[in-house]
Participant: 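My structure is below; once you've seen it, I'll send some questions.
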Amino acid sequence: MKQGIYAILKAKYLIHDDAIKNWRFIVFLVLLVILMIANTQRFEQKVFEISELNNEVKELRSEFVDRRSTLMKLKMESTVARKMEIKQIFPSTVPPVKIRVNKEEEPNLFERLWQ
């Protein structure tokens with residue numbers, strides 16, 4: 001047992017005649033580890049990107065709410081009337097009247113044939 005551990009520590013399995021098999025396995029393991037590290041790196045980059053995008057969405061949403069409230073204040077009739085008074089335009093005292101136009105119906109093809 002002592003001799004086996006001593007052989008592993010000296011890495012004699014890498015210099016024997018059948019060491020090619022061991023080297024192939026070691027290269028396979030190294031490539032697998034590199035692939036796993038690269039995959040983890042990409043995953044972490046995606047997580048950071050998602051976090052940044054979520055922060056940007058929160059900022060844009062708050063800006064949208066702020067702009068919408070500002071727009072609602074500007075659209076109010078009292079605000080518009082106050083701004084128009086500066087230009088000597090005052091609100092109407094006469095209420096609006098709805099205008100209706102009656103469209104004359106043309107006779108359809110069947111009625112025109114029987115006239």
Participant: Who else is in Val33's hydrophobic cluster (ILVMFWY, side-chain heavy atoms under 4.5 Å, direct or via others)?
Facilitator: Ile37

Participant: Just jot down the side chain to side chain contact (heavy atoms under 4.5 Å, CB included) partners of Val30, sequence neighbours excluded, or say none.
Facilitator: Ile26, Ile34

Participant: Name the atoms and distances for all side-chain donor-acceptor pairs under 3.5 Å in residues 85-95, with sequence neighbours left out.
Facilitator:
{"residue": "Ser92", "atom": "OG", "partner": "Val94", "partner atom": "N", "Å": "3.2"}
{"residue": "Ser92", "atom": "OG", "partner": "Val94", "partner atom": "O", "Å": "3.0"}

Participant: From Leu60 CG over to Asn55 CG, what is the distance, rounded to the nearest 0.5 angstrom?
Facilitator: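 Between Leu60 CG and Asn55 CG, I get 11.0 Å after rounding to 0.5 Å.
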
Participant: Backbone N or O of Met36 within a donor-acceptor pair of the Thr40 side chain at under 3.5 Å?
Facilitator: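 Answer holds: yes.
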
Participant: Hey, what do you get for CE (Met76) to CG (Leu74), rounding to the nearest 0.5 Å?
Facilitator: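 So the gap between those two atoms works out to 10.0 Å.
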
Participant: Let me confirm one number: the CZ-CD distance from Phe48 to Glu44, rounded to the nearest 0.5 Å.
Facilitator: 6.0 Å

Participant: Applying salt bridge (Lys or Arg N to Asp or Glu O under 4.0 Å), which residue pairs with at least one partner in residues 64-75 are found, sequence neighbours left out?
Facilitator: Glu63-Arg67

Participant: What do you reckon, is CD of Gln45 surrounded by more than 12 foreign heavy atoms closer than 6.0 Å?
Facilitator: yes

Participant: Checking one residue: Leu53. Which other hydrophobic residues are in its cluster under the side-chain 4.5 Å linking rule?
Facilitator: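 Answer for Leu53: none, a lone residue.
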
Participant: Which ILVMFWY residues are connected to Leu71, directly or by a chain of links, through side-chain heavy atoms under 4.5 Å apart?
Facilitator: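 Members alongside Leu71: none; it stands by itself.
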
